[in-house]
Amino acid sequence: MRYTTIGDRRVSALCLGAMKFGSETDDATSAALLDRFVAAGGTFVDTADCYQYWVEGFEGHESETFLGRWRRERGVTDEVVIATKLGAQPTVPGTGAETKEGLSARAVATAAERSRERLGMDRLDVLYAHNEDPRTPLPETLEAFAALVGEGAVSHLGLSNHRAWKLERARAVTEARGWPRPRVLQYRYSYLQPRLDLPLRSAGHMHATPELLDFVRAEAAEGREYTLVAYTSLLWGAYTRPEKAAELDRAYDHPGTPARLAVLDEVARETGATRNQVVLAWLMGSDPKVVPLVGVSSLEQLDEAIEATDLVLSDEQWRRMAEAG
């Protein structure tokens with residue numbers, strides 16, 4: 001297993017997504033996947049307080065509730081870092097993002113306490129603002145986050161699906177007021193790159209832009225490190241399953257896609273790895289480095305991802321992939 005850091009905390013360079021655990025993925029399979037991940041040295045797990053309210057038969061909170069039960073049954077404590085998110089849970093059953101809780105001071109305090117209870121944690125390891133809340137001034141959210149850290153309820157803060165200028169605003173506000181800076185960023189990102197002038201079909205997804213990546217690099221040069229976590233890193237299986245590739249957003253339908261896939265196949269042949277493994281290795285070797293977040297539903301899928309942490313691309317291979325298309 002490869003490792004990276006979040007502040008002073010060492011975590012696996014591969015993050016296991018628990019979105020479907022305890023809901024679409026049954027409890028026995030969910031537990032088996034977590035057990036295998038931890039046995040292989042995995043220490044970073046991702047969830048949110050709203051997973052999966054949009055699936056018929058579920059209300060949200062199922063993933064957090066399952067993870068809390070798994071932690072109790074396995075006696076898991078500080079060895080596994082669990083990151084969760086708040087702000088996107090609907091306040092009215094049967095509705096969606098139009099009634100989401102948002103990021104007001106009151107909503108942040110209430111949601112964080114509920115997440116701690118469900119997960120069975122005195123202190124949340126990583127807490128993200130799930131997405132932007134145009135109704136709440138950013139300083140109000142940041143102050144509420146700072147209060148949680150001050151109370152010992154949260155260790156590290158993060159922002160997910162926020163535009164790059166808001167990251168800079170957050171940096172400036174927290175620096176000026178002496179508040180802890182959100183240092184973990186979560187965005188959609190993979191090897192194949194969509195056209196950024198077309199909207200993504202998936203509601204709520206925000207893709208990491210070149211501007212955002214440049215922001216992270218520039219901040220690192222100034223001594224302000226961020227950990228960048230990439231969800232949808234394998235594009236729902238589109239690299240290996242033709243039916244999934246056919247379902248990709250039209251934003252991926254451009255000349256750069258086949259050009260990148262051709263080089264991906266070249267590197268896969270050179271390394272003897274699968275397409276998915278090369279994609280994960282490319283992300284982990286990127287500048288800035290990226291922690292791929294993978295969602296899996298079988299042990300075979302998980303093992304393939306875990307094995308990718310042992311694959312290190314040469315500088316030439318990485319550049320060839322990056323410059324394709």
Side-chain angles (χ1 to χ4, degrees), residues 6 15 17-20 44-54 60 63-64 83-91 96-104 107-108 111-112 115 124 126-142 144-145 154 156-171 173-174 181-190 192-216 219 226-236 249 251-252 283 288 290-295:
I6 296 174
C15 183
M19 183 174 71
K20 297 184 179 182
F44 195 10
V45 177
D46 181 86
T47 186
D49 70 352
C50 65
Y51 292 159
Q52 303 198 87
Y53 76 80
W54 56 87
S63 176
E64 284 189 339
T84 193
K85 313 175 199 71
L86 55 74
Q89 172 68 18
T91 57
E98 68 277 8
T99 69
K100 68 180 182 180
E101 289 179 331
L103 299 172
S104 69
V108 166
S115 290
L124 297 173
V126 181
L127 181 64
Y128 296 96
H130 203 150
N131 43 38
E132 294 182 6
D133 177 10
R135 302 169 299 179
T136 302
L138 185 59
E140 179 179 340
T141 301
L142 296 171
F145 272 20
V154 176
H156 298 292
L157 301 171
L159 295 175
S160 175
N161 299 312
H162 280 63
R163 286 165 290 176
W165 73 264
K166 289 218 168 186
L167 301 183
E168 170 56 22
R169 181 70 57 82
R171 182 209 61 78
V173 169
T174 54
R181 171 175 57 86
R183 63 173 66 242
V184 193
L185 308 176
Q186 188 173 134
Y187 290 81
R188 177 167 159 176
Y189 193 62
S190 186
L192 290 185
Q193 301 291 297
R195 288 175 50 182
L196 297 178
D197 60 329
L198 294 176
L200 295 172
R201 189 167 59 236
S202 302
H205 283 202
M206 187 173 290
H207 200 275
T209 63
E211 179 185 22
L212 186 144
L213 299 176
D214 187 54
F215 169 82
V216 174
E219 286 292 280
Y226 288 85
T227 300
L228 181 58
V229 179
Y231 65 84
T232 318
S233 59
L234 295 177
L235 295 176
W236 300 285
D249 301 54
Y252 291 93
L283 290 169
V290 176
V291 178
L293 194 166
V294 295

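Since the model is a prediction, treat every value here as computed from it, not as a measurement.
Closest non-hydrogen pair, Ala230 versus Ser233, comes out as O-CB, 3.8 Å. The heavy-atom pair separating Ala107 from Gly102 by the smallest distance is CB-O, 3.6 Å. Tyr128 and Ala83 get closest at one heavy-atom pair: CE1-CB, 3.7 Å. Taking all atoms of both residues into account, the shortest heavy-atom contact from Asp49 to Ala111 is OD2-CB, 3.8 Å. Taking both residues in full, the closest heavy atoms of Asp46 and Cys15 are given as CB-SG, 3.6 Å, listed atom of the first, atom of the second, then distance. Closest heavy-atom contact between Pro182 and Leu142: CG-CD2, 3.9 Å.
The distance from the CG atom of Leu196 to the NE2 atom of His207 is 7.0 Å, given to the nearest 0.5 Å. Rounding to the nearest 0.5 Å gives a distance of 10.0 Å between CD of Glu140 and CG of Leu138. With values rounded to the nearest 0.5 angstrom, Leu234 atom CG is found 8.0 Å from Leu283 atom CG. Summarising the geometry, atom CD belonging to Gln186 is positioned 4.5 Å from atom NZ belonging to Lys85; distances are rounded to the nearest 0.5 Å. Taken to the nearest 0.5 Å, the CG atom of Leu212 stands 10.0 Å off from the OH atom of Tyr189. We find the CD-OG1 distance between Gln89 and Thr99 to be 8.5 Å, quoted to the nearest 0.5 Å.
Residues Thr47 and Glu64 bring no donor and acceptor atom of their side chains to less than 3.5 Å of each other. Judged by distance alone, the side chains of Tyr231 and Asn161 do bring a donor and an acceptor atom under 3.5 Å apart.
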Notebook entry, point to check: What's the verdict on side chain to side chain contact (heavy atoms under 4.5 Å, CB included) for Thr141 and Asp133, showing C-alpha distance, side-chain angles and the deciding distance?
Noted result: CA-CA 9 Å; Thr141 301; Asp133 177 10; 5.8 Å; no
Using side chain to side chain contact (heavy atoms under 4.5 Å, CB included), reason through Lys100 and Cys50 one step at a time and then give a plain yes or no. CA-CA 9 Å; Lys100 68 180 182 180; Cys50 65; over 6 Å; no
Yes or no on side chain to side chain contact (heavy atoms under 4.5 Å, CB included) for Tyr226 and Leu167, after CA distance, side-chain angles and deciding distance?
CA-CA 11 Å; Tyr226 288 85; Leu167 301 183; 5.6 Å; no
Q | Tyr252 and Leu235: CA distance, side-chain angles, deciding distance, side chain to side chain contact (heavy atoms under 4.5 Å, CB included) verdict | A | CA-CA 11 Å; Tyr252 291 93; Leu235 295 176; 3.5 Å; yes
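Annotation: ring-ring contact (aromatic ring centres under 6.0 Å, His included) contacts of Tyr187 (sequence neighbours excluded): none.
Residues Ser190 and Thr232 fail the side-chain proximity criterion, which asks for heavy atoms closer than 4.5 Å. Inter-residue side-chain proximity for Val173 and Arg181 is flagged as unmet; no heavy-atom pair is nearer than 4.5 Å. Side-chain contact between Glu219 and Pro288: absent, with no pair of heavy atoms (C-beta onward) separated by less than 4.5 Å.
Atom CZ of Arg171 has more than 12 neighbouring heavy atoms from other residues, nucleotides or ligands inside a 6.0 Å radius. Counting non-hydrogen atoms of other residues, nucleotides and ligands closer than 6.0 Å to CD of Glu211 gives a total of 12 or fewer.
Of the options Thr84, Val229, Val184, a side chain to side chain contact (heavy atoms under 4.5 Å, CB included) to Val126 is made by Val184 and by none of the others.
Although no hydrogens or angles enter the test, the distance criterion places a donor-acceptor pair under 3.5 Å between the side chain of His162 and the main chain of Ser160. Looking at Glu101, its side chain never comes within 3.5 Å of a backbone N or O of Leu86 through a donor-acceptor pair.
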